[in-house]
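This report refers to the structure that appears directly beneath it.
Throughout, residue positions are numbered sequentially from 1 according to the sequence presented.
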Amino acid sequence: MKSAVETLNPTRVRLTVEVPFEELKDSLDAAYKKINQQVTVKGFRKGKIPARVIDQRFGRGAVLEEAVNDALPKLYTEAVNEAELNVLGQPDVDITELKDGELLAFTAEVDIRPAIEIPDYSGIEVTVDAVEVTDEDVEKSVQQLRERFASTSPVERAAAEGDVVTIDLEAKVDGEVLPDGVANGVSYTIGSGELLDGIDEAVTGLEAGGEATFTSTLKGGSAEGKEAEVTVKVTQVAARELPELDDDFAQMASEFDTLDELKADSLKRLENMKRFDQATQAQERVLDELLKLAEVPIPEKLLEDEVNTRKHNLEHHQLGQMGLTLDKYLELQGKTAEEFDAETREQAVKGIKTQFILDELVSQEKLNVNQEELTEHLMRRAASSGMSPDQFAKAVVEGGQVPMLVGEVARGKALAVVVEAAKVVDTNGEPVELDDDEDDAAEAADGAGTAEDATEASEDKSEA
């Protein structure tokens, strides 16, 4: 077999392959065997029809077509390996010549990973938010904990903000009660904003047995988006009672004996949360600066696949779970379809550039992923997915996604190398020392999406 590579652009090549006919012998034999199992010829047992009879009855062309279809994947792979190409997605194959008994020639155009020169990243400087926790922050945290331990008791007075009211609702559109427009015994905290617009004003001032009518745009159900006339009846008013902020509360709500110890723990937790946010911010901003420094050509077909994959996942998975259509989502976001498409494309470009650059850095720095690192990353991914580690690991293995997880960890390690070399200061001008958390870096590096995802999507379509 002879093959040659022509570079069409930095991200696409054309392979030209010529195969002597004798190299197709195994595929021809397999073709005759397959046809033998599929057809019946009088006078011959199934599977025992001579090749010459198959040629006469069904045509040599059918045999050649079957043989070529069988041989092409192997021949293409041999040519790719011989040329040491790092291909992406499925090739566009064109058979240019097929001479029975002499020669098979074909071309294959395919996207490849571009050659990337890693820029000098030692001069990267970024500024991140300072870790500052105020007394107000601590008080707010303790107050939220206090709210969780609130109790309620019925009162005989008009409802006010913060009260919990039990209500019956009836919604009408064009004077007709909706099939799903009646709800009884609904518990609602006035001022929470968890139900319909206008309900707070309607129920405030009502006592048990009181009733009011207001208009509101429905947020869901059979008449979602339509304006309805809503009648609300209060059946009970209950006051929320918060526990006293004292040592007894600390002992009830936590493992601490005193309120001061509880506040000290809240301060520590808030500081840790802000340090985590600071580290994530540093990783994202260092990555953005790295992307600005590097020239990365993007394969157009790969980009389109990535854009389509992102749209599909949003529309059919994320929005589907929330009961939203893409049009409704765009309306809620205040975006046009054109703005959404532009943003999705920009995110896809960033995702592909991120993977290409960090993968190249993994190669240059000879970064490896050990079993402990992979297991830790898997555990964290399982937690974020809501699955048990065993369930998640099983899904990863069965889906053939282990290499993808390894890639995520490796890219995280590559980003950690860049972050370590960068100068990071906070908004007060103080140097920031970041813990080496490569798993957090993996999430930052992978958050933009991956070229692997688009490649796999492309291959799935081809196989389908």
Side-chain angles (χ1 to χ4, degrees), residues 116-133 269-296 298 306 310 343-344 346-370 372-385 404-453:
I116 299 173
E117 184 175 341
I118 299 296
D120 179 9
Y121 50 80
S122 60
I124 290 179
E125 297 183 13
V126 298
T127 301
V128 296
D129 295 337
V131 173
E132 295 175 343
V133 179
R269 284 189 299 102
L270 290 171
E271 286 177 340
N272 288 338
M273 288 171 58
K274 292 208 171 189
R275 285 195 183 92
F276 177 83
D277 292 342
Q278 186 186 64
T280 301
Q281 195 176 68
Q283 291 159 359
E284 291 172 348
R285 292 183 178 179
V286 167
L287 176 59
D288 287 341
E289 292 302 311
L290 178 64
L291 295 180
K292 290 177 186 177
L293 294 174
E295 290 290 332
V296 183
I298 305 295
E306 175 69 7
R310 285 171 178 267
E343 286 181 10
T344 304
E346 181 180 344
Q347 292 164 356
V349 168
K350 181 179 179 180
I352 294 171
K353 286 182 68 173
T354 296
Q355 180 170 333
F356 283 173
I357 292 173
L358 295 182
D359 281 350
E360 181 63 27
L361 196 54
V362 167
S363 177
Q364 286 191 14
E365 296 290 334
K366 296 180 172 57
L367 301 175
N368 296 312
V369 177
N370 60 41
E372 182 180 351
E373 292 166 334
L374 181 60
T375 300
E376 183 179 347
H377 184 63
L378 186 148
M379 298 278 283
R380 297 178 73 159
R381 283 289 301 271
S384 64
S385 71
M404 184 189 74
L405 285 188
V406 172
E408 289 175 2
V409 178
R411 284 189 284 277
K413 297 180 77 167
L415 180 56
V417 169
V418 182
V419 172
E420 186 178 355
K423 179 181 179 181
V424 182
V425 297
D426 65 20
T427 48
N428 295 327
E430 296 294 326
V432 175
E433 294 296 327
L434 299 171
D435 294 332
D436 293 334
D437 196 332
E438 291 162 354
D439 214 69
D440 291 340
E443 293 182 17
D446 204 58
T450 70
E452 282 177 357
D453 294 339

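At a threshold of 4.5 Å between non-hydrogen side-chain atoms, the residues K274 and N272 do not count as touching. L358 places a side-chain heavy atom less than 4.5 Å from the side chain of L290. Side-chain atoms of V296 and I298, non-hydrogen and from C-beta on, do get closer than 4.5 Å to each other. Inter-residue side-chain proximity for V432 and Q278 is flagged as met; some heavy-atom pair is nearer than 4.5 Å. Put simply, the side chain of Y121 reaches to within 4.5 Å of the side chain of L361, judged on heavy atoms. Residues E306 and I352 meet the side-chain proximity criterion, which asks for heavy atoms closer than 4.5 Å. When side chains are defined from C-beta on, V128 does not count as touching T427, because their heavy atoms never get closer than 4.5 Å. Considering only heavy atoms from C-beta on, E295 stays 4.5 Å or farther from E117 through its side chain.
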Requested in this report: Let me see the working for K350 and L291 under side-chain contact (heavy atoms from CB on, under 4.5 Å), right down to the final yes or no.
Outcome: CA-CA 8 Å; K350 181 179 179 180; L291 295 180; 3.7 Å; yes
**Report entry** side-chain contact (heavy atoms from CB on, under 4.5 Å) between E408 and R381, intermediate numbers included
**Finding:** CA-CA 11 Å; E408 289 175 2; R381 283 289 301 271; 2.5 Å; yes
Requested in this report: Apply side-chain contact (heavy atoms from CB on, under 4.5 Å) to the pair K423 and V425, showing each step before the final yes or no.
Outcome: CA-CA 7 Å; K423 179 181 179 181; V425 297; 4.0 Å; yes
Query - Derivation of the side-chain contact (heavy atoms from CB on, under 4.5 Å) call for L415 and T354 - result: CA-CA 10 Å; L415 180 56; T354 296; over 6 Å; no
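Within 6.0 Å of CD on E365 lie more than 12 heavy atoms contributed by other residues, nucleotides or ligands.
Shortest non-hydrogen contact noted between V131 and E271 is CG1-O, 4.0 Å. Heavy-atom minimum distance, A282 versus V424: CB-CG1, 4.1 Å. Taking each heavy atom of L293 and P119 in turn, the nearest pair found is CB-CG, 3.7 Å. Between I357 and A294, the shortest heavy-atom distance links the atoms CD1-CB, 3.5 Å.
A salt bridge between K292 and E289 is present, with a side-chain N of the basic residue lying under 4.0 Å from a carboxylate O of the acidic one.
The backbone N or O of T127 lies less than 3.5 Å from a partner atom in the side chain of R285, making a donor-acceptor pair. Between the K413 side chain and the V362 main chain, no donor and acceptor come within less than 3.5 Å of each other.
At a cut-off of 3.5 Å, with distance as the only test, a side-chain donor of D129 or Q281 sits close to an acceptor on the other residue. Remark: the E132 side chain and the N428 side chain contain an N/O donor-acceptor pair separated by less than 3.5 Å.
Separation of atoms CZ (R380) and NE2 (H377) is listed at 9.0 Å; rounding is to 0.5 Å.
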